[in-house]
Amino acid sequence: MSVVSSPLKNGNGAAMAFDSNGNDDIKREVKEETMSDDDVPWGELVKRDKKDKKNKQKRNYNDEDGDGDEPVKKVSKKSSKLNGKRGSDDESEDDYKPKSKKKTSSGKKRARGSSSDEEEDDDEQMSEELSDEEDFKPQKRKSKSGDKSKPSTSSSAKKEVKKEVTKKKVKKEEDVEDIWEWWKEDKKPDGVKWNTLSHMGPLFAAPYLPLPDHVNFKYNGEVMKLSLAAEEIAQFYAGVLDHEYSTKDAFNTNFMKDWRKYMSTKERERIVDLRKCDFRQIDTFQKEQREIRKAMTKEEKLKIKEEKEGEMKIYGIAVIDGHRQKVANFRIEPPGLFRGRGGHPKMGMLKKRILPEDVIINCGKSSEIPKPPPGHRWKEVRHDNTVTWLCSWTEGVLGQNKYIMLNPSSKIKGEKDYEKYETARRLKKIIGGIRDRYTEDFRSKEMRIRQRAVALYFIDKLALRAGNEKDVDEAADTVGCCSLRVEHIKTFEKAKLNEGDKKEKEFVVEFDFPGKDSIRYYNRVAVEKRVFKNVKLFLEGKAPRDDLFDRLDTASLNEHLRSLMPGLTVKVFRTYNASITLQDQLIKLTNPKDNVAAKILAYNRANRQVAILCNHQRAVSKTFDAAMEKLEQKIKDKKKEVKAAEEALKSARGAEKEKAQKKYDRLKEQLKKLKISRTDKDENKQVALGTSKLNYLDPRITIQWAKKYDVPLEKVFTKTHREKFRWAIDMVNTSDEEYVF
DNA sequence: CACGAGACTTAGGATTGAGTAC
DNA sequence: GTACTCAATCCTAAGTCTCGTG
């Protein structure tokens, strides 16, 4: 864990002394060149003025408003009767022509201390925990506070047995998180995230291991021994040689610029052209190392595994309010090259090694402060119980904060997750009203309200993300709903939604934009006439790079939503629509008479609908075609078998006949299954089911489904899922009622 | 009251490792 | 046993949304 020897100090080490001297030429190059793949239409990096987002065009909509498909003044009557909620309808009369956005920002009241008052409970708990903390280390608080009225639903059965037998056995359990059935407890008042917190701090990246002497870097064909700092960074680049990154100008330019900062003066003089750098020996060496690792004996592998477990025991657990909880990312991110996605302007920049001096520790006031590695100290130690993180540092490339937080199985995450789904369920209750409302608002005389309504329609119907503004130099050009631009939208009075469609639909809007992670969102949808007219109106007279919703941003949209329901934000719609889709599809697709395999298929189908809705994509795997080929072959073979069986059946007589029939049916069934799995595989080619399962689908729907149809939960939930959703498993399984989202 | 910092959730790709085929 | 394959897990980037502040 010692970090001392790292050449990549980010502090004031000598290596740092050189800054960006003389690299201006390089910088300029980046700007001028198009640095991303040309095959991606939106990949072009036309520099946009950072500001142009902020002052959205203030246009005068006097004229435009008139040409909606009906006079707008009529609308005003309607809108005012709509409901009282929406503040001053009258004053907005003259609002007709949009003025610069006026925001009623002050949604300030915050839900802060508004809620419960379960203090006594917490107090009690706290005092208990305080004592816990003195020695943080192993101790048997296992069944603390007698909160287990029933045997825990622990994952390991052996555990339960042991528990009864003897307390000594607890030893084994000390390394693991304990089962905290927080959902049976009262909630803490808002704002306070914990009362006591202790942990062992982060685990730092292994120190740099220099290359052996026979592995050489070459410049311009000649061997060149690099300084330690330069060598380490050279290794990072060697690691990316097989990757597409190494072909991108932005990556290479950024890399070169940063690398040169860490070179010795001599190196910097000499190494000026990346194309003359030869990392191949390093690359080979790294690959060899990987092979060696793979080829290790069982014993060696076991040893490594045990070492890892050892680290996990120390750094992987935090004690929070007296409960042992898993930590998520206790390993500090090792140094490397920044792998920004899409056309990220900073890709290839150096991510420096993080030292204890960069790290802020957050822990309980009375808990033992984790020890920094010898010879080091923390940047800061604080005791902030309004946040959930244990450690934080500032990442160097984008200057953002990074955190070490608890595992999703922890109370602190689980409770939040539970709340998320409860909020989505509250939305379910009022979604009808909200839809009525935004449908009315399509006719509002106020441009910003119309835009808001149409945006909300898209968000609701298509599960789009909110689309916050982004800083052009700090991130790839991607958009969400509110930041859609004219160039991302096409309208068709009539069009086919898909290539193969027979019929054309009316009022089709086509979306084609890079979303989160630069994943393409492409979709054609038939929309309501009034939406269509509005979209055309919003597009009118604008340049391709202008905002579609020039009177709208996420803040005002969320503010509006909050007025409709506490806790309602844009992303709740995604959660709601994902979960309700799963529930509906499961009802539609599950056949109780099916066997387990078929039910699982139905589940995956339902899951897939959600993934498609949310546009969760994955890259087609390299082996996909080969795997498909194999499957096709299998199908062919099976078809032959079926045919043979069919022949046999024809010629069979008497008892033989029955047998032949059976065989034929069986083969036929197998063929059907193979075909299904082919369809399944094909449909899943580019669809990622995992993201929705982990983040959007109320786990109780799945658990209820498994319970109802006798599907073992582990067929649809991995161990990680079951840990994360322990609350949901318990809730559904201990209830007599069927869970309905 | 806009704006940036901060905190937390969501995301796809890379890596690992368990299961299966050979 | 070894090789291969794919699902599970790890990693960390990239979103969302809130809050404090000048």
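To find a chain, count down the sequence lines: A is the first, B the second, and so on, and within it residues start at 1.
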Handout entry: First of A/V572 and A/R331 reached from the 5' end of DNA chain C, by closest nucleotide
Key = A/R331
Problem - Nucleotide nearest A/K351 when distance is taken to its side chain, options B/dA11, C/dT12, B/dG13 - result: C/dT12
Exercise for the section: Name the closest nucleotide to the A/K193 side chain, picking from B/dC8, C/dC17, B/dA11. Expected result: B/dC8
Problem - Note: A/E714-A/K719 ion pair, threshold 4.0 Å (strictly below) - result: no
Fill in the blank from the handout: Contacts of A/K571 and A/H721 projected onto DNA chain C by closest heavy atom; the upstream (5') one is A/H721
Exercise for the section: Would you indicate what A/G690 reaches in the nucleic acid, counting non-hydrogen atoms under 4.0 angstrom: base, sugar-phosphate, or nothing? Expected result: nothing
Practice task
Indicate yes or no: does A/K379 engage A/D358 in a salt bridge with an N to O separation below 4.0 Å.
Solution key: no
Exercise for the section: Would you indicate, yes or no, if B/dA11 has its OP1 or OP2 atom less than 4.0 angstrom from a side-chain nitrogen or oxygen of A/H616? Expected result: yes
Practice task
Side chain of A/A466 only, please: which of C/dT16, C/dA14, B/dT9 is the nearest?
Solution key: C/dT16
Practice task
Using the six-membered ring wherever Trp is involved, compare the ring planes of A/F511 and A/Y521 and label them parallel, tilted or perpendicular (cut-offs 30° and 60°).
Solution key: perpendicular
Exercise for the section: Using a heavy-atom cut-off of under 4.0 Å over every strand shown, decide if A/R574 touches base, sugar-phosphate, or nothing. Expected result: sugar-phosphate
Exercise for the section: Could you check whether A/T623 gets within reach of a base, just the sugar-phosphate, or nothing at all, counting any heavy atom under 4.0 Å? Expected result: sugar-phosphate
Exercise for the section: For A/K308 and for A/G399, locate the closest nucleotide of DNA chain B by heavy-atom distance; then report the residue assigned to the nucleotide nearer the 5' terminus. Expected result: A/G399
Practice task
Would you state whether a donor and an acceptor, one from the side chain of A/R339 and one from the base of C/dA13, lie under 3.5 Å apart?
Solution key: no
Exercise for the section: State plainly whether the residues A/D384 and A/R382 are in salt-bridge range, i.e. N to O under 4.0 Å. Expected result: no
Practice task
Taking only the side-chain heavy atoms of A/K630 (C-beta and beyond), determine which of B/dC8, B/dT10, C/dT5 contains the nearest atom.
Solution key: C/dT5
Handout entry: Gap between atoms OH and P, on A/Y403 and C/dA13 respectively (whole Å)
Key = 14 Å
Exercise for the section: Starting from C1' on C/dA14, measure out to CG on A/D471 and report it in whole angstrom. Expected result: 14 Å
Problem - Nucleotide of C/dT9, C/dC17, B/dA11 approaching A/N468 most closely (side-chain heavy atoms) - result: C/dC17
Practice task
Establish, with yes or no, whether the OP1 or OP2 oxygen of B/dT15 is under 4.0 angstrom from a side-chain nitrogen or oxygen of A/R290.
Solution key: no
Practice task
Check every strand shown and say whether A/K681 touches a base, only sugar-phosphate, or nothing at a heavy-atom separation below 4.0 Å.
Solution key: sugar-phosphate
Handout entry: Given B/dC8, C/dG15, B/dA7, the nucleotide with the shortest approach to the side chain of A/N401
Key = B/dA7
Problem - Nucleotide of C/dT9, B/dA11, C/dC17 approaching A/T720 most closely (side-chain heavy atoms) - result: C/dT9
Completion exercise
Considering only heavy side-chain atoms of A/T718, the closest of C/dA13, C/dT18, C/dT9 is C/dT9
Exercise for the section: Would you mind classifying the nucleic acid contact of A/P408 as base, sugar-phosphate or nothing, using non-hydrogen atoms under 4.0 angstrom? Expected result: nothing
Problem - Sugar-phosphate, base or nothing in reach of A/E395, heavy atoms under 4.0 Å - result: nothing
Exercise for the section: Give the ring-plane orientation class for A/H721 versus A/F725, where under 30° counts as parallel, over 60° as perpendicular and anything between as tilted. Expected result: parallel
Problem - Sugar-phosphate, base or nothing in reach of A/T554, heavy atoms under 4.0 Å - result: nothing
Practice task
Counting heavy atoms from C-beta on, name the nucleotide in B/dT10, B/dC8, C/dT18 closest to the side chain of A/M405.
Solution key: B/dC8
Fill in the blank from the handout: Among the nucleotides C/dC6, C/dT12, B/dA14, whichever has the atom closest to the side chain of A/N329 is C/dT12
Problem - Check: A/H616 ring centre within less than 6.0 Å of A/Y696 ring centre - result: yes
Problem - Comparing A/W389 and A/D417 on DNA chain B - which has the more 5′ nearest nucleotide - result: A/W389
Handout entry: Worked check of salt bridge (charged side-chain N to carboxylate O under 4.0 Å, His left out) between A/D547 and A/R485
Key = CA-CA 4 Å; A/D547 286 317; A/R485 298 193 296 265; over 6 Å; no
Practice task
Examine the base of C/dT9 for any acceptor or donor lying under 3.5 Å from a partner atom in the side chain of A/K719, and report the outcome as yes or no.
Solution key: no
Exercise for the section: With heavy atoms under 4.0 Å as the rule, sort A/A619 into base, sugar-phosphate or nothing. Expected result: sugar-phosphate
Handout entry: Residues A/R425 and A/E422 bridged, charged N to O under 4.0 Å
Key = yes
Practice task
Give A/T478 one of three labels, base, sugar-phosphate or nothing, depending on what nucleic acid heavy atoms sit under 4.0 Å from its own.
Solution key: sugar-phosphate
Exercise for the section: For A/N407, report the nucleic acid contact type (base, sugar-phosphate, nothing); a contact means any heavy atom under 4.0 Å. Expected result: nothing
Practice task
Identify whether any heavy atom of A/G480 sits under 4.0 Å from a base atom; if not, whether one sits that close to sugar-phosphate; answer base, sugar-phosphate or nothing.
Solution key: nothing
Practice task
May I ask you to evaluate whether A/Y696 reaches the phosphate of B/dA11, defined as a side-chain N or O under 4.0 Å from OP1 or OP2?
Solution key: yes
Exercise for the section: Answer with base, sugar-phosphate or nothing: what part of the nucleic acid does A/R341 contact at a heavy-atom distance below 4.0 Å? Expected result: base
Practice task
May I ask you to say what A/A475 touches in the nucleic acid, namely base, sugar-phosphate or nothing, with a heavy-atom cut-off under 4.0 Å?
Solution key: nothing
